[in-house]
Amino acid sequence: MTPGSADLLLVIDVQADFLPGGMLPVPGGDAVVGPINALQGRFRHVALTQDWHPADHVSFADNHVGRAPFETVALPYGDQVLWPRHCVQGSAGAGFAPGLATDRASLVIRKGLDSRIDSYSAFLEADRTTRTGLAGALRERGITRLVLCGLATDFCVAWSALDARAAGFDVCVAADAVRGIDVDGSLAAAWARMAAEGVQRIATAEIG
Ligand code: VGL
Ligand code: ZN
């Protein structure tokens, strides 16, 4: 694929807390930085997302008495995986990964700001009702196709890819520029779900 004026590279949550040494490290998460920097030069449009939680966020296990990270709890909007405290607004861990190029991004979307609602997706929060505004912003810029990369494949990348499809965009995931967490088979399930919804899997070498 050759990116044109209707294509945007969407870089999901490449933040210090998701890298080895961070609060919620994604195995091999640091390996996406180089490929993503290289990819950015091939796109006219780049947008970045940041997971950006308040300290009392509902997804943090330590905000639930007697609960541990990676357990699931039932919330009003459905089941929620509990995570180690991560990407707290303004903390070093919420910052972009060291070495990630950020200068060419025209848009930075922050998500997960409501204490009561998680948001893996860059488009739609976990209540499946509250919109971030990203779809509208992309449409106003004339974007029709997205290439997703970043962290984590099976959570924020997959949910964003699926919601982008539902919003009517063509969607590709750059398979060598993502890494997953894999809780109880979530990585294979995410790839299967994305394939079923028409998300294309491509290699960064095919882009340019
Ligand atoms: C993410 C779990 C919790 C992600 C964010 O970026 O994939 N995963 N918050
Ligand atoms: Zn989060």
Side-chain angles (χ1 to χ4, degrees), residues 9-33 36 47-64 67-73 75 77-97 100 102 105 108-128 130 132 134 146 148-164 171 173-175 177-191 193-194 199:
L9 182 69
L10 182 57
V11 182
I12 303 289
D13 295 3
V14 182
Q15 293 169 266
D17 269 345
F18 295 125
L19 267 48
M23 299 291 279
L24 177 42
V26 179
D30 49 340
V32 304
V33 174
I36 290 173
L48 311 173
T49 71
Q50 278 180 298
D51 211 35
W52 198 253
H53 300 309
D56 61 349
H57 196 251
V58 71
S59 79
F60 296 167
D62 61 9
N63 286 329
H64 299 258
R67 295 296 187 156
F70 307 105
E71 290 181 13
T72 298
V73 290
L75 294 181
Y77 57 76
D79 286 348
Q80 170 72 48
V81 178
L82 296 178
W83 303 105
R85 176 172 291 273
H86 65 279
C87 296
V88 173
Q89 295 169 358
S91 68
F96 289 113
L100 180 73
T102 58
V108 177
I109 285 277
R110 289 170 168 171
K111 61 189 179 59
L113 284 78
D114 186 324
S115 301
R116 300 158 303 174
I117 312 172
D118 206 0
S119 189
Y120 298 143
S121 165
F123 295 91
L124 204 52
E125 296 187 10
D127 62 0
R128 311 310 289 153
T130 311
T132 63
L134 179 58
L146 310 181
L148 271 66
C149 56
L151 306 170
T153 317
D154 39 348
F155 290 92
C156 293
V157 173
W159 284 58
S160 298
L162 294 167
D163 285 348
V171 182
V173 171
V178 294
R179 292 292 184 283
I181 298 175
D182 206 12
V183 183
D184 295 332
S186 58
L187 190 53
W191 279 118
R193 180 95 190 276
M194 289 192 282
V199 174

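Both ligands and their constituent atoms are indexed starting at 1 by order of listing. Keep in mind that what you see is a predicted model, and the values were worked out from it rather than measured.
- The nearest heavy-atom contact from the protein to atom 1 (C) of ligand 1 is Cys156 SG, 3.2 Å.
- When the N, O or S atoms of His53 are ranked by distance to the Zn ion (ligand 2), NE2 comes first.
- Residue Leu151 touches ligand 1 through its backbone alone, judged by heavy-atom distances below 4.0 Å.
- Looking at Asp51 and the Zn ion (ligand 2) together, the shortest N, O or S contact belongs to OD2.
- Look at His86 and the Zn ion (ligand 2): an N/O/S atom of the residue is under 2.8 Å from the metal.
- Which of Leu24, Asp17, Asp51, Thr49 comes nearest to atom 5 (C) of ligand 1 through a heavy atom is settled by distance: it is Asp51.
- Of all atoms in ligand 1, listed by their number and element, those nearer than 4.0 Å to a heavy atom of Trp83 are 2 (C), 3 (C).
- Ligand 1 lies less than 4.0 angstrom from a heavy atom belonging to His86.
- Contact record, Gly180 with Pro27: O-CD, 3.5 Å, taken as the closest heavy-atom pair.
- Note that CH2 of Trp83 and CG of Asp118 are 8.5 Å apart. Values are rounded to the nearest 0.5 Å.
- Looking at heavy atoms from C-beta onward, His53 lies in side-chain contact with His86 at the 4.5 angstrom threshold.
- Across Ala105 and Leu48, no two heavy atoms sit closer than the pair CB-CG, 3.5 Å.
- For ligand 1, the polar-atom distance check against Ile181 finds no nitrogen or oxygen pair separated by under 3.5 Å.
- Between Trp52 and Ala94, the shortest heavy-atom contact is CZ3-CB, 3.6 Å.
- Judged purely by distance below 3.5 Å, without hydrogens or angles, the side chains of Asp56 and Ser115 pair a donor atom with an acceptor atom.
- Residue Asp13 has at least one heavy-atom neighbour below 4.0 Å for each of these atoms of ligand 1: 4 (C), 6 (O).
- A distance of 7.5 Å separates OG1 in Thr49 from CZ in Phe96, rounded to the nearest 0.5 Å.
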